[in-house]
There are 2 protein chains.
Amino acid sequence: MQQPPPQDSDSGAQADRFNQARTAKAMTLLEDYTEMIDDLVQAHGEARITEIAHLMGVTHPTAAKAVARLKREGLAVSRPYRGVFLTEAGSAMAASVRARHRIVVDVLLALGVPAEAAETDAEGMEHHVSEATLAAFEAFLRRKDQSAP
Amino acid sequence: MQQPPPQDSDSGAQADRFNQARTAKAMTLLEDYTEMIDDLVQAHGEARITEIAHLMGVTHPTAAKAVARLKREGLAVSRPYRGVFLTEAGSAMAASVRARHRIVVDVLLALGVPAEAAETDAEGMEHHVSEATLAAFEAFLRRKDQSAP
DNA sequence: TCGCAAATGAAGCCTAGGCTACACTTTTGT
DNA sequence: ACAAAAGTGTAGCCTAGGCTTCATTTGCGA
């Protein structure tokens with residue numbers, strides 16, 4: 001799932017990178033909404049469309065469309081005029097997204113990025129952090145903690 | 001250009017971050033293509049649609065549409081059935097994009113990310129690296145160089 | 001309890017960025 | 001010199017993800 005088959009020439013490697021970036025970009029909506037819904041359910045017991053929309057900075061029809069997509073993908077469930085909830089798959093995604101987000105922010109902070117910028121940039125960067133990179137980030141943070149306990 | 005006006009409540013901060021991530025996402029196409037065209041012009045004296053498409057991993061009509069957008073935005077010029085070239089604005093963007101890309105890759109490598117993953121992830125992450133974060137990255141790399149010359 | 005405000009849903013429009021199919025130049029090899 | 005091949009352009013279709021507008025449902029307060 002990480003190395004697609006090598007192409008004809010060397011230019012394939014370059015193309016593969018862009019294709020992976022495009023794939024990651026397509027996942028961002030799913031990831032952002034599942035995390036948001038998980039937050040809201042933990043905070044209020046349910047996630048309402050209007051609140052999701054407000055926090056995401058979009059209009060409610062946009063949020064509703066996103067939730068419809070989550071439902072299509074089996075990540076969320078909801079009944080008309082009722083709150084939205086995550087399925088098990090959705091919760092799992094939310095958990096890993098949140099963990100990854102925290103690690104990315106921590107790495108940025110450790111590198112000396114100002115807190116506000118770290119939060120903002122992490123929001124976009126996190127979706128492009130592969131397993132390999134995430135593992136390296138975790139190892140880096142562990143080293144940091146050891147050297148400065 | 002970095003801090004939009006504060007919203008009503010605190011939820012505005014969250015929404016602002018997502019909005020910035022969306023803006024950055026919208027810039028990725030422009031940035032990727034200008035850098036690619038710059039590479040090709042430096043290598044071959046011109047950038048051909050077919051080669052751009054091949055390297056970007058898309059079909060040529062898609063590349064042609066992207067180039068049309070670059071022209072609309074004043075970043076590139078071209079005449080029918082001839083190569084594509086960057087304007088001064090396009091060259092400037094390519095230069096800063098390339099510089100940022102190199103820094104992001106270097107930071108990932110310095111953190112212990114494997115080379116292949118660093119290249120791939122940087123391709124997506126770089127577009128979300130703000131000026132503040134970039135500055136912190138550069139400072140971090142300078143420190144690294146000093147401690148291990 | 002019942003009426004109105006707030007929340008949700010539904011429909012339709014727009015742009016970006018993919019694609020295929022087909023038409024037309026340009027280039028190239030014989 | 002010209003025909004085939006390669007490269008470009010054009011048209012049209014699709015999905016995602018924004019938006020506005022309008023209809024419907026909830027639920028709360030008078």
Side-chain angles (χ1 to χ4, degrees), chain A residues 8-9 11 15-34 36-37 40 44-73 75-85 123-124 127, chain B residues 8-9 11 15-34 36-37 40 44-73 75-85 123-124 127:
Chain A
D8 40 272
S9 92
S11 55
D16 285 345
R17 285 190 209 109
F18 284 112
N19 278 315
Q20 259 189 250
R22 278 188 283 271
T23 299
K25 203 163 57 169
M27 294 291 300
T28 67
L29 183 132
L30 268 1
E31 295 179 345
D32 286 340
Y33 276 85
T34 51
M36 174 75 73
I37 291 168
L40 291 174
H44 306 155
E46 67 175 357
R48 306 306 301 240
I49 289 284
T50 299
E51 194 168 12
I52 294 170
H54 186 211
L55 289 169
M56 294 293 299
V58 298
T59 59
H60 44 90
T62 297
K65 195 185 281 191
V67 168
R69 187 175 162 205
L70 291 192
K71 292 171 73 172
R72 253 192 293 140
E73 309 262 357
L75 297 167
V77 291
S78 76
R79 289 185 3 259
Y81 296 97
R82 288 291 181 269
V84 181
F85 302 89
E123 202 59 70
H127 304 287
Chain B
D8 40 271
S9 93
S11 55
D16 284 346
R17 285 189 208 109
F18 285 112
N19 278 313
Q20 260 189 248
R22 279 188 282 270
T23 299
K25 203 163 58 170
M27 294 290 300
T28 66
L29 182 131
L30 267 1
E31 294 179 346
D32 286 341
Y33 276 85
T34 51
M36 175 75 73
I37 291 169
L40 291 174
H44 307 155
E46 66 175 357
R48 305 307 302 241
I49 289 286
T50 299
E51 193 168 13
I52 294 171
H54 185 211
L55 290 168
M56 294 294 298
V58 298
T59 59
H60 48 91
T62 296
K65 195 184 281 193
V67 168
R69 188 176 162 205
L70 291 192
K71 291 170 74 171
R72 252 192 294 138
E73 308 261 358
L75 296 167
V77 292
S78 76
R79 292 189 355 264
Y81 296 99
R82 288 293 179 264
V84 181
F85 302 89
E123 202 58 71
H127 304 288

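Chain identifiers are assigned alphabetically (A, B, ...) following the order of the sequence lines, protein sequences preceding nucleic acid strands; residue numbering begins at 1 within each chain.
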Checklist entry - What are the residues of residues 76-85 of chain A, sorted by number, that bring a heavy atom to within less than 4.0 Å of DNA chain C? => result A/Pro80, A/Tyr81

Can you list the residues that meet the side chain to side chain contact (heavy atoms under 4.5 Å, CB included) rule with [X], with sequence neighbours excluded?
{"X": "B/Thr59", "value": "B/Pro61, B/Thr62"}
{"X": "A/Arg69", "value": "A/Leu29, A/Leu30, A/Arg72, A/Glu73"}
{"X": "A/Lys25", "value": "B/Lys25, B/Thr28"}
{"X": "B/Ala64", "value": "B/Ile49"}

Checklist outcome for this item: Contacts of B/Arg22 meeting salt bridge (charged side-chain N to carboxylate O under 4.0 Å, His left out) (sequence neighbours excluded), chain-then-number -> none

Any protein N or O atoms within reach of nucleotides 3-6 of chain D? Criterion: under 3.5 Å, listing atom names and distances.
none

If the condition is side chain to side chain donor-acceptor pair (under 3.5 Å), which residues does [X] pass it with, not counting sequence neighbours?
{"X": "B/Glu31", "value": "B/Arg100, B/His127"}
{"X": "B/Lys65", "value": "none"}
{"X": "B/Thr50", "value": "none"}

Next on the checklist: I need the CD1-P distance between B/Ile49 and C/dT26, as an integer number of Å.
Outcome noted: 15 Å

Checklist entry - How many Å lie between CD on B/Glu46 and C1' on D/dG7, as a whole number? => result 11 Å

Item to check | Where protein sits on nucleotides 11-19 of chain D, one letter per nucleotide: B base, S sugar-phosphate only, - none, heavy atoms under 4.0 Å | outcome: B----SBBB

Next on the checklist: I'd like to check A/Leu40 versus A/Leu55 (side-chain heavy atoms, cut-off strictly below 4.5 Å). Are they in contact?
Outcome noted: yes

Checklist outcome for this item: Residue pairs meeting salt bridge (charged side-chain N to carboxylate O under 4.0 Å, His left out), one or both in residues 47-63 of chain A, sequence neighbours left out, come to A/Glu46-A/Arg48

